[in-house]
Amino acid sequence: MKTLLKRKLSFVFLIVQFLISVLLCGLAVYVGFIPQKYVIALIVVCTLLMVYQVFTQMTNSSYVMGRVLCVFFCGFFIGGSYYMLTTHAAMDEIGGAEVKTDIITYYVLKDDPAKSLADAKKYQFGILAQQDRENTDKALAKAKEIVGEDLKITEYDDTATMVDALYTKEVQSIVFNKAFLASIKDQFSTFKKDTRELEQTSIETEVVHEVEDTDVTTKPFTVYISGIDVYGDISQTSRSDVNIIATVNPVTKKILLTSTPRDYYVPLYGEKGKSVSGGIPDKLTHAGIYGVDCSIGTLEKLYDIKIDYYVRVNFTSLKKIVDLLGGVEVYSDYDFISDWGPNGAGTHYKFKKGYNKVNGKKALAFCRERHHFANGDYQRGRDHQHMIEAILNKAMSPAILQNFPKLLKESKKMFQTSMSTKKITSICNMQLNDMAKWKISYANAEGTGAKKTTYSIRSTRLYVCEPNYASIDKITKKIKKVMNETEEDVKEEETKKDSGKKTDESAQPTLKP
């Protein structure tokens with residue numbers, strides 16, 4: 001009787017381990033980001049452990065140790081299953097429906113008696129005649145539902161004349177997308193102190209992307225990396241201060257990071273080459289105000305290329321990404337002290353020439369600094385490239401596996417991307433499979449500083465950077481070279497370099513004893 005009970009209990013242990021092993025192996029196949037060779041290895045290991053358990057449970061001398069090990073194996077397998085489930089769920093989140101949020105805000109002067117939109121329904125409201133008019137009209141329609149009548153409006157060509165109208169009391173309130181606020185503060189330094197928000201309306205728009213059946217592990221592609229100048233909600237529309245195009249060739253393992261200055265003076269275009277500014281040039285950073293499609297369309301027109309995907313990040317994103325990676329090693333071209341120090345600490349971060357270990361806050365300080373450089377925004381663009389390279393190097397190393405699920409779980413809040421879950425999974429699979437080292441190079445658009453009026457602000461001359469189109473042509477050739485290169489081209493290039501080194505060495509004078 002005792003032997004029969006022992007056998008039944010042994011059978012239970014075997015069944016439990018078998019089911020949990022099947023769950024683990026099934027999930028490894030289902031989630032897709034684990035390379036096939038590792039899945040096969042996992043199945044082999046689980047099978048061997050199962051065979052071991054069968055033998056231990058069938059003998060009187062080793063069944064106790066077998067059961068102890070069974071508990072250990074099952075706990076380990078459950079932990080692995082949970083890891084894969086949370087990783088897959090996080091990937092689904094990244095590839096979920098994407099929303100663009102435009103916050104339309106009503107501003108009044110600080111001492112205005114109105115406490116709500118209903119109090120101000122008889123006011124004259126200033127709005128922008130053209131810029132972001134669609135969202136403004138939606139906000140005004142919602143305002144009509146609140147106050148029961150149409151608001152009286154006066155149209156202005158740009159934010160500068162509209163703000164002037166508020167100060168002179170030509171209008172009692174002005175209405176605009178909060179994405180314009182940073183530009184307004186640049187021109188009216190006391191605007192925040194002089195005014196207050198009366199009301200705001202959030203307008204959410206689901207962003208729909210065309211689905212392309214492209215294998216990103218075998219075909220080159222481009223990614224637009226947009227860094228918007230706000231904290232908090234990543235879906236919020238804002239200026240794009242970082243504009244980097246990553247040209248990726250997964251076959252040759254090459255990435256070209258092309259940085260374009262935020263003040264580049266170019267006409268704005270939207271999706272499929274549709275003109276946004278009617279041919280009137282504007283700062284590239286302002287393209288972000290009209291949506292990520294405007295930034296992409298403008299850069300596509302400038303470089304005569306197609307941009308396949310985009311990634312949008314903000315200040316909060318950068319800090320979180322770097323912290324979740326456990327910090328990164330970023331290269332600095334100079335010794336410098338950043339103006340962007342720890343909040344409230346009264347100190348500033350110092351950086352040395354060479355590699356610097358940085359956490360999230362220090363990474364943001366590194367990326368935002370430009371005043372201490374002789375070439376200002378150009379060097380800041382180069383530092384953005386250094387930071388992206390540092391993040392990529394850490395993300396493509398085995399060190400990422402430890403915090404991978406948490407990093408993915410937070411990804412939906414940290415950045416927006418048009419790349420599907422399937423494509424992200426396939427890239428992860430490829431990198432885990434070969435753990436290849438990528439060659440990352442830089443390209444930087446050049447230009448000349450000037451004072452010009454812009455599409456967004458037509459009444460005031462702003463600092464802009466007039467493009468050097470010779471540098472643009474060179475960059476376009478570099479991008480297309482990376483896109484069209486094959487493994488054979490790289491091998492041929494390396495052979496030529498090796499041959500050149502041997503020729504140089506043979507040309508050196510021989511020293512006689």
Can any side-chain N or O of [X] pair as donor or acceptor with the backbone N or O of [Y] at less than 3.5 Å?
X    : Y    : answer
D158 : T161 : yes
T453 : T460 : no
S226 : N243 : no
D282 : S456 : yes
Q385 : L257 : yes
N429 : T425 : no
T222 : K306 : yes
K394 : L325 : yes
S275 : Y269 : no
Q431 : A436 : yes

Atom [atom1] of [X] and atom [atom2] of [Y]: how far apart are they, to the nearest 0.5 Å?
X    : Y    : atom1 : atom2 : answer
T159 : D164 : OG1   : CG    : 9.5 Å
S240 : I225 : OG    : CD1   : 11.0 Å
L198 : L117 : CG    : CG    : 6.0 Å
K362 : K350 : NZ    : NZ    : 10.0 Å
L268 : Q131 : CG    : CD    : 10.0 Å
R370 : D377 : CZ    : CG    : 5.5 Å

Can you give me the closest heavy-atom contact between [X] and [Y], atom names plus distance?
X    : Y    : result
S173 : Y107 : OG-O, 3.0 Å
I255 : A246 : CG2-CB, 4.5 Å
C294 : V276 : SG-CG2, 4.0 Å
Q172 : Q124 : OE1-N, 2.8 Å
I104 : A139 : CG2-CB, 3.6 Å

F373 ring center near Y378 ring center (under 6.0 Å):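 No.
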Between F366 and Y349, is the ring centre distance below 6.0 Å?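 When the ring centroids of F366 and Y349 are compared, they turn out to be at least 6.0 Å apart.
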Salt bridge check, [Y] against [X]: does any charged N sit closer than 4.0 Å to a carboxylate O?
X    : Y    : answer
K319 : D323 : no
D186 : R239 : yes
K122 : E149 : yes
D241 : R368 : no
K474 : E446 : no
D194 : K110 : no

Qualifying residues under salt bridge (Lys or Arg N to Asp or Glu O under 4.0 Å), relative to D157, sequence neighbours excluded: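 Here no residue qualifies.
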Could you tell me which residues satisfy side chain to side chain contact (heavy atoms under 4.5 Å, CB included) with K353, sequence neighbours excluded, listed by chain and number?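 Result, side chain to side chain contact (heavy atoms under 4.5 Å, CB included) vs K353: Y331, D335.
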If you count every heavy atom of other residues, nucleotides or ligands that lies below 6.0 Å from Y167 atom OH, does the total exceed 12?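 Result for OH/Y167: enclosed.
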Kindly check if the number of other-residue, nucleotide or ligand heavy atoms within 6.0 Å of CZ (R461) is above 12?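 Incorrect, the count does not exceed 12.
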Intermediate values then yes/no, salt bridge (Lys or Arg N to Asp or Glu O under 4.0 Å), K142 and E199: CA-CA 11 Å; K142 288 186 178 182; E199 189 83 36; over 6 Å; no
Please assess K301 against V266 for the test side-chain contact (heavy atoms from CB on, under 4.5 Å), listing each intermediate value before the final yes or no. CA-CA 10 Å; K301 201 79 171 178; V266 288; over 6 Å; no
Is the Lys NZ or Arg CZ of K478 less than 6.0 Å from the centre of Y442's six-membered ring, within 45° of the axis?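 Geometry flag: not set, cation outside 6.0 Å or 45°.
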Heavy-atom side-chain contact between [X] and [Y] under 4.5 Å:
X    : Y    : result
K254 : K481 : no
L140 : F125 : no
L302 : I472 : yes
S116 : D119 : yes

Worked check of side-chain contact (heavy atoms from CB on, under 4.5 Å) between Y123 and Y106: CA-CA 12 Å; Y123 282 9; Y106 296 76; over 6 Å; no
Could you walk me through whether T247 and Y303 pass the side-chain hydrogen bond (donor to acceptor under 3.5 Å, both in side chains) check? CA-CA 12 Å; T247 308; Y303 291 105; over 6 Å; no
Could you walk me through whether E271 and I296 pass the side-chain contact (heavy atoms from CB on, under 4.5 Å) check? CA-CA 8 Å; E271 194 175 9; I296 290 172; over 6 Å; no
Which one of V482, I475, I245, N249 satisfies the side-chain contact (heavy atoms from CB on, under 4.5 Å) criterion with L256?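 Answer after filtering V482, I475, I245, N249: V482.
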Distance only, no hydrogens: is a donor on one side chain within 3.5 Å (strictly under) of an acceptor on the other, for S459 and Y156?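 No pair is found: no donor N or O on one side chain lies under 3.5 Å from an acceptor on the other.
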Cut-off 3.5 Å, side chains only: do T105 and E197 have a donor facing an acceptor?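 The criterion, which ignores hydrogens and geometry beyond distance, is not satisfied for E197 and T105.
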For Q379, what residues pass the side-chain hydrogen bond (donor to acceptor under 3.5 Å, both in side chains) criterion, not counting sequence neighbours?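 Here the qualifying residues are D333, D383.
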Does the side-chain contact (heavy atoms from CB on, under 4.5 Å) test come out yes or no for R196 and V108, once each step is laid out? CA-CA 6 Å; R196 61 181 171 85; V108 294; 3.9 Å; yes
